[in-house]
Protein chains: 2
Amino acid sequence: MKIAEVSERCGLSADTLRFYERSGLVRPVARDRSGVRDYAEADLMRIEFIQCMRKAGLPIDVLKEYVDLVDAGEHTMGDRIQILVEQREQLLARMRDIQQTLDLLNYKIDLYQNKLGPGSKRGRRPVKDSARAQEMAYAAPT
Amino acid sequence: MKIAEVSERCGLSADTLRFYERSGLVRPVARDRSGVRDYAEADLMRIEFIQCMRKAGLPIDVLKEYVDLVDAGEHTMGDRIQILVEQREQLLARMRDIQQTLDLLNYKIDLYQNKLGPGSKRGRRPVKDSARAQEMAYAAPT
DNA sequence: CCTTGACCTGGAGCTGACTCCAAGTAGTAT
DNA sequence: ATACTACTTGGAGTCAGCTCCAGGTCAAGG
């Protein structure tokens, strides 16, 4: 399978696939006799794994560390678990951050819609840059 | 309140605070007569709002758009809602990505721990680079 | 008066993750 | 034979978001 097909199937650009290979995230791919990459199913598995991790924001150097351990053999499983567990912690932390922001966004959207909804047909007096307007724009639910 | 105190209270570096101001995320802060920034409570509110949004990954240009609308007056509320709603969508999408990755991580950690736990006291034969080992390292639960 | 320390500015530098480019080659179609 | 297309490489460029630095100002303390 050539790079264009992999690119299509995974939704990663050919440049990105080559970049991942250069960075050591993906093992050197087999080549046909004219030097063109010929991806195997196993390569795809690895690429999809990387892609999933990258989508969630795991940094490339951490992923490289992991795949290097995999390539180093079974005796590295302890270290691998450690990496995975640590990254899970990071993701959970990110989840919490995002959830907090979502809560704030929901609160503000509500606030705005209540302000805008009822009074918005007509007769809505622009309060201009009042402290209250600022509060509404930025404040948390306290 | 001077920049050092704000930095301390928000956990943002003084450089970052100045950078946010330069970028228009934070309104030009009042200065004392020797040109030193003197933050007011209202500034803090805005900064904390920005910080919360940034933690979740909202891009600076989007936030700038929002704060510019706020400064432009009440008639921009419709546009503000639109931004907030759109960003909420983005965050929900990110949540899904992260959740998917978490699922995969949990699956793999389990897998590794089952492999490592029972057999790890002794007599664990290193299977080296078998296809199965690769599968374990990368494959999704299918 | 002199030093110290916190602040100021404009601008350069850095990191991470791509993304693009020029120049070259190999296989296929006309 | 020639054109076309998809691939190759090494290296440069881009973007976001900080982060650092040199050189300068000011107020307080010894």
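Chain naming here is simple, since letters A, B, ... match the order of the sequence lines and numbering starts at 1 in each. Just so you know, these numbers use all the heavy atoms, side chains as well, and skip hydrogens, waters and symmetry mates.
Contacts of residues 2-9 of chain A with DNA chain D (heavy atom under 4.0 Å): A/Lys2, A/Ile3, A/Ala4. Near DNA chain C, meaning a heavy atom under 4.0 Å away, there are no residues from residues 43-67 of chain B. Near DNA chain D, meaning a heavy atom under 4.0 Å away, there are no residues from residues 83-95 of chain B.
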Short N/O separations, protein against nucleotides 19-26 of chain D, under 3.5 angstrom:
{"from": "D/dC20", "atom 1": "N4", "to": "B/Asp15", "atom 2": "OD1", "distance (Å)": "3.4"}

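For A/Phe49, the ring pair (Phe, Tyr, Trp, His ring centres under 6.0 Å) test picks out A/Tyr66, B/Tyr138, with sequence neighbours left out. In this view, B/Asp68 and B/Lys64 satisfy the salt bridge (charged side-chain N to carboxylate O under 4.0 Å, His left out) rule, not counting sequence neighbours. Under the salt bridge (charged side-chain N to carboxylate O under 4.0 Å, His left out) criterion, B/Glu41 pairs with B/Arg9, not counting sequence neighbours. Residues satisfying the side-chain hydrogen bond (donor to acceptor under 3.5 Å, both in side chains) test with A/Thr16, not counting sequence neighbours, are A/Ser13.
Annotation for A/Glu8: atom CD does not count as buried by contact number, only 12 or fewer foreign heavy atoms lying within 6.0 Å. For A/Gln100, the CD atom counts as loosely surrounded, since its 6.0 Å shell holds 12 or fewer non-hydrogen atoms of other residues, nucleotides or ligands.
At whole-Å resolution of the value, CD in A/Glu21 and P in C/dA17 are 18 Å apart. Rounded to an integer number of Å, the gap from CG of A/Leu17 to P of C/dA17 is 16 Å. A straight line from CG of A/Asp32 to C1' of C/dA26 spans 9 Å, rounded to a whole angstrom. Taking atom OH of residue B/Tyr20 and atom C1' of nucleotide D/dA16, one finds them 11 Å apart after rounding to whole Å. If you take CZ of A/Arg33 and P of D/dC7, they are 16 Å apart, rounded to a whole angstrom.
Under the ring-ring contact (aromatic ring centres under 6.0 Å, His included) criterion, no residue pair touches residues 3-36 of chain B, with sequence neighbours excluded.
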Donor-acceptor pairs under 3.5 angstrom involving side-chain atoms of residues 51-58 of chain B: please list them, not counting sequence neighbours.
{"from": "B/Gln51", "atom 1": "NE2", "to": "B/Cys10", "atom 2": "O", "distance (Å)": "2.5"}
{"from": "B/Arg54", "atom 1": "NH1", "to": "B/Leu58", "atom 2": "O", "distance (Å)": "2.6"}

Extract all donor-acceptor atom pairs below 3.5 Å that involve side chains of residues 82-94 of chain A and protein atoms in other chains or at least two apart in sequence.
{"from": "A/Arg88", "atom 1": "NH1", "to": "B/Asn106", "atom 2": "OD1", "distance (Å)": "2.6"}

Could you give the side-chain donor-acceptor pairs of residues 30-40 of chain A under 3.5 Å, partners two or more places apart or in another chain?
{"from": "A/Arg31", "atom 1": "NE", "to": "A/Val29", "atom 2": "O", "distance (Å)": "3.4"}
{"from": "A/Arg31", "atom 1": "NH1", "to": "A/Gly35", "atom 2": "O", "distance (Å)": "2.8"}
{"from": "A/Asp32", "atom 1": "OD1", "to": "A/Ser34", "atom 2": "N", "distance (Å)": "2.9"}
{"from": "A/Asp32", "atom 1": "OD1", "to": "A/Ser34", "atom 2": "OG", "distance (Å)": "3.2"}
{"from": "A/Asp32", "atom 1": "OD1", "to": "A/Gly35", "atom 2": "N", "distance (Å)": "3.2"}
{"from": "A/Asp32", "atom 1": "OD1", "to": "A/Val36", "atom 2": "N", "distance (Å)": "2.9"}
{"from": "A/Arg37", "atom 1": "NE", "to": "A/Glu21", "atom 2": "OE1", "distance (Å)": "2.7"}
{"from": "A/Asp38", "atom 1": "OD1", "to": "A/Met1", "atom 2": "N", "distance (Å)": "2.5"}

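Annotation: the span from A/Ile81 atom CD1 to B/Leu105 atom CG amounts to 12.0 Å, rounded to 0.5 Å.
Between A/Leu102 and A/Gln99, some side-chain heavy-atom pair lies under the 4.5 Å cut-off.
Using a cutoff of 4.0 Å between basic side-chain nitrogens and carboxylate oxygens, B/Asp15 and B/Arg18 are scored as salt-bridged.
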